[in-house]
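Contents: one structure, followed by commentary.
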Amino acid sequence: MVKVNENYLKLQGSYLFSTIAKKVNAYAASNPDKKIIRLGIGDVTLPLAPVVTDALQKAVEEMGDQKTFRGYAPDLGYDFLRNAIVTNDYRARGCEIEADEIFVSDGAKSDSGNIQEIFALDNRIAVCDPVYPVYVDTNVMAGRTGVFDAATGKWSDVIYMPCTAENGFVPELPASVPDLIYLCFPNNPTGSAITKDRLQEWVDYANQNGSVIIYDAAYEAYISEENVPHSIYECEGARTCAIELHSFSKNAGFTGVRLGYTVVPKDLIRGGVALNGLWARRHGTKYNGAPYIVQRAGEAVYSPEGKKQLADQVAYYMKNAAYIREGLSDAGYTVYGGVNAPYIWLKAPNGMSSWEFFDYLLEKANIVGTPGSGFGPSGETYFRLTAFGQYENTVEAIERIKKL
Ligand code: PLP
């Protein structure tokens, strides 16, 4: 008789957004006349930029022509895209990253979930609290639910690093040293950013302790402040302790197109083994390459015209962010984020829990946001609104909240 992977039974509840969708669908079904404004899930709403659709169309033509047709893509990505990434995302920022350290994929969600496979099960992980749920859930699925410490004879769980208003939503270095550290800046869900000096402390800590940082830079395009690093490789010594994840979803609207990449520097060695080689093996064995058409669209993102068009899209969303931030502050809310990230993190008013505030906003203003507790215990009493909506809807939503 086959046995199921019982680790799946240890996962907490159902995935946050499916719970929200159920509640919203039930409300919409019994209130068909109400216009619901959705500022919950972090999905983009602007159409693909013209440079992207042009590149997609051109690549489709090539695929339909015998002379330019291409079959399987190289597992690790086409050179034209890996070179464009290196030139624009790294060399232009003074970071030493080579094309063979870039692994092209279908997005940061898969990579952030899959990367733990190259590490032994008895590694101890540390995550921020609140956190993007994928990091924890994929470790639980793999069986990394607790680690036995022979010295103390105790099982230790995942280290949750509280991110609160008091620490500016940037975690303290943990006293008990983790092996794998997940950091995401600019942060989902709190919208906070980390300064280069603070990130350097994490890099030094990881190097001193032999830990590895998984650095999720999915929202790097939204950074507006000078002292905030776009890549962890801007910090000295990061090549020996950090893996970086990137997505084309939020900077270029590829949520439905699917493209991302992961950087594993060749200097990152643990237990005498180069992690670059391990990830290359994993990627080559389980993944057959992002589609040629999509990789050409990714390349177009780095063209001069592409950079301009996408900067305009980011500016559009950040105009929403500023509107939400200022509107809610004027209405007396305590508001964070929205300066280097497309997320606004607000304190639920009058001592409400985050799910109470979710129900209140849905029923009284017909607005959907995301309850902070869905991202971890420190998110309780907080609430996330995204700046990815359409401007007119965002304005209407804030006007409705102001009238409450
Ligand atoms: N990482 C973070 C922190 C995210 O918030 C998201 C999506 O919301 C992702 C990764 C997923 O990115 P992708 O669309 O490239 O899979």
Residue pair Lys22, Asn25: steps toward the side chain to side chain donor-acceptor pair (under 3.5 Å) verdict: CA-CA 5 Å; Lys22 266 186 220 144; Asn25 291 343; over 6 Å; no
Does anything in [range] form a salt bridge (Lys or Arg N to Asp or Glu O under 4.0 Å)? List the pairs, not counting sequence neighbours.
range	value
residues 359-368	Lys23-Asp359
residues 161-173	none
residues 260-281	Asp100-Lys266, Arg239-Asp267
residues 29-45	Lys35-Glu396

Tell me, please, which residues at least two apart from Lys58 pass side chain to side chain donor-acceptor pair (under 3.5 Å). none
Sequence neighbours excluded, the answer for side chain to side chain contact (heavy atoms under 4.5 Å, CB included) partners of Ala311 is none
Holding to side chain to side chain contact (heavy atoms under 4.5 Å, CB included), I want the full list of residues that pass it with Glu225, two or more places apart in sequence or in another chain. Asn227, Val228, Val339, Asn340
What residues, two or more places apart in sequence or in another chain, satisfy ring pair (Phe, Tyr, Trp, His ring centres under 6.0 Å) together with [X]?
X	result
Tyr333	none
Tyr317	Phe388
Tyr160	none
Tyr78	Phe80, Tyr292

Apply ring pair (Phe, Tyr, Trp, His ring centres under 6.0 Å) to the pair Tyr219 and Tyr343, showing each step before the final yes or no. CA-CA 10 Å; Tyr219 296 95; Tyr343 294 117; 5.2 Å; yes
Does the side chain of Gln200 come within less than 4.5 Å of Val203's, by heavy atoms? yes
With side chain to side chain donor-acceptor pair (under 3.5 Å) as the rule and sequence neighbours excluded, what pairs involving residues 298-315 come up? Asn88-Lys307, Asp89-Tyr302, Arg296-Glu299, Glu305-Gln309, Lys308-Asp312
